[in-house]
K.L.:
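Got a structure here, written out as structure tokens. Questions coming.
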Amino acid sequence: MAKKPISQKRAEKEELENKALHRVFNVFLLGLAAECYLFLVYRGYAAGTIDSMLVWHQILTWGMYAGLVMLVAGAAVAFAKRQDARLRTGMLWLGGIGLFLALSGWVVTFFFDNNRGITTMCILVPILVVLALIFFLFQPECFLSTLVLSCAMFTVWLRGASAGSSRMGAAVIVGAVLGAVLLAAAAALTRKAQGDEGKLKGFQVFSLECDYRIIYAALGAAFVCVVLTLALPSIAYYLLWMLGILLFGELVYYTTKLM
């Protein structure tokens, strides 16, 4: 098999980099639009008059239903037309927007007490945007470690913030228990991939030079913090600091590997 000329390799590399930057730009714009939308929701629904609250309640309710339709339609068309890359990508974006509308509408209206729902969404959106940027720009193992630590931080914060709410507190406990189970499953799958040169069922999920100790450390720290905050919500503040330091150190480590 003939080797590709250097100019062709350079052109392919530049094309891949341009695609990644284009995705990053789209994610940033969507995240900014989502935060602006949530700001309007806060002003009109959480901090508005009775009339504006009623109007925004209807907007959020209909937006939730419209989002579910967009999510189902986007996922169905993307799967049916998966051979058409352009259409598949567009439908996936449509489904993602629908998921945001459905999730934000439900969270804001269901967890209305003390503005817990809107506060949760305002914090969740930047986290998801940063995770998406890391997914497009960093190694797969960096994304997994960052995802695990970020989700653990969000769970710990939610557990501490919802300790005084019976409705939200119960939902957070169920979610935290499910998260702990998923962390254990992720550790098992990582172990399996490690034994097959970073592959799971033929797919390359980790790079060949992956340092699995970082992944196991992130999974272990996240699991311990989630379990501790389930038992003692009062220590959530200190666990957040510990997870934040670990997250910063992990990102510095993977950033230096890109240099």
Side-chain angles (χ1 to χ4, degrees), residues 9 12-28 30-31 71 74-75 78-86 88-93 95-96 99 124 126-155 175-227 243 246-259:
K9 291 182 179 179
E12 291 178 353
K13 182 179 179 181
E14 290 179 355
E15 183 180 359
L16 290 175
E17 291 176 348
N18 289 333
K19 286 182 179 179
L21 290 176
H22 183 67
R23 293 180 185 133
V24 166
F25 185 68
N26 287 338
V27 167
F28 177 78
L30 286 175
L71 174 60
F79 179 78
K81 301 294 184 179
R82 55 187 179 276
Q83 302 300 330
D84 188 341
R86 185 182 295 273
R88 184 186 67 234
T89 301
M91 289 299 100
L92 288 176
W93 283 111
L99 177 61
L124 181 60
I127 292 175
L128 293 178
V129 170
V130 172
L131 287 174
L133 297 179
I134 291 174
F135 176 78
F136 290 126
L137 296 175
F138 284 78
Q139 307 95 325
E141 52 269 24
C142 176
F143 171 72
L144 176 60
S145 300
T146 305
L147 175 65
V148 165
L149 292 175
S150 299
C151 289
M153 288 184 68
F154 187 68
T155 302
V177 172
L178 179 60
V181 174
L182 290 176
L183 287 171
L189 290 175
T190 300
R191 181 67 177 176
K192 185 177 180 181
Q194 184 181 5
D196 194 18
E197 297 181 342
K199 294 181 180 179
L200 278 176
K201 294 186 177 180
F203 292 97
Q204 192 74 42
V205 293
F206 298 123
S207 62
L208 295 176
E209 63 275 10
C210 172
D211 188 347
Y212 291 93
R213 295 173 299 177
I214 304 298
I215 300 178
Y216 290 131
L219 289 169
F223 183 85
V224 170
C225 288
V226 169
V227 172
L243 287 170
L246 292 176
L247 179 59
F248 176 78
E250 173 256 330
L251 287 174
V252 169
Y253 170 79
Y254 283 112
T255 301
T256 55
K257 290 189 67 175
L258 289 177
M259 296 178 179

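Here the structure is a predicted model, which means the values were calculated and not measured. The chain is numbered in sequence order, starting from 1. Heavy atoms only: backbone and side chains are in, while hydrogens, waters and symmetry mates are out.
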K.L.:
Sequence neighbours excluded, which residues qualify as side chain to side chain contact (heavy atoms under 4.5 Å, CB included) partners of Leu247?
P.N.:
Thr146, Leu149, Ser150, Met153, Glu250, Leu251

K.L.:
Given 3.5 Å as the limit, does a donor-acceptor pair link the side chain of Thr256 with the main chain of Tyr253, or not?
P.N.:
yes

K.L.:
Less than 4.5 Å apart, any side-chain heavy atom of Tyr212 and any of Ile215?
P.N.:
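Of all side-chain heavy-atom pairs linking Ile215 with Tyr212, at least one is under 4.5 Å.
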
K.L.:
Could you check if a side-chain atom of Leu144 sits within less than 4.5 angstrom of a side-chain atom of Leu219, using non-hydrogen atoms only?
P.N.:
no

K.L.:
What residues, two or more places apart in sequence or in another chain, satisfy salt bridge (charged side-chain N to carboxylate O under 4.0 Å, His left out) together with Arg213?
P.N.:
Asp211

K.L.:
If we ignore hydrogens and angles and just use 3.5 Å, is the side chain of Gln204 paired with the main-chain N or O of Glu197 as donor and acceptor?
P.N.:
yes

K.L.:
With a cut-off of 6.0 Å (strictly less than), are more than 12 heavy atoms of other residues, nucleotides or ligands near CZ of Phe79?
P.N.:
no

K.L.:
Please identify each residue that fulfils side chain to side chain contact (heavy atoms under 4.5 Å, CB included) with Val27, with sequence neighbours left out.
P.N.:
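With neighbours one apart ignored, the set is Trp93, Val129, Ala132, Leu133, Phe136.
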
K.L.:
Please name all residues satisfying ring-ring contact (aromatic ring centres under 6.0 Å, His included) with Phe223, sequence neighbours left out, ordered by chain then number.
P.N.:
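Checked Phe223 against ring-ring contact (aromatic ring centres under 6.0 Å, His included); zero matches.
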
K.L.:
With sequence neighbours excluded, what pairs up with Glu209 under the side chain to side chain contact (heavy atoms under 4.5 Å, CB included) test?
P.N.:
Ser207, Lys257

K.L.:
Could you tell me which residues satisfy side chain to side chain contact (heavy atoms under 4.5 Å, CB included) with Phe28, sequence neighbours excluded, listed by chain and number?
P.N.:
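Side chain to side chain contact (heavy atoms under 4.5 Å, CB included) list for Phe28, sorted by chain: empty.
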
K.L.:
Verify whether the ring centers belonging to Phe138 and Tyr254 lie closer than 6.0 Å.
P.N.:
no

K.L.:
Side-chain contact test, heavy atoms from C-beta onward, threshold under 4.5 Å: evaluate it for Cys151 versus Leu147 and give yes or no.
P.N.:
yes

K.L.:
Could you pull out the closest heavy-atom pair between Leu243 and Ala221, with the gap in Å?
P.N.:
CD2-O, 4.3 Å

K.L.:
Is the OH atom of Tyr216 crowded by more than 12 outside heavy atoms at less than 6.0 Å?
P.N.:
yes

K.L.:
Check step by step if side chain to side chain contact (heavy atoms under 4.5 Å, CB included) holds for Val205 and Lys199.
P.N.:
CA-CA 6 Å; Val205 293; Lys199 294 181 180 179; over 6 Å; no

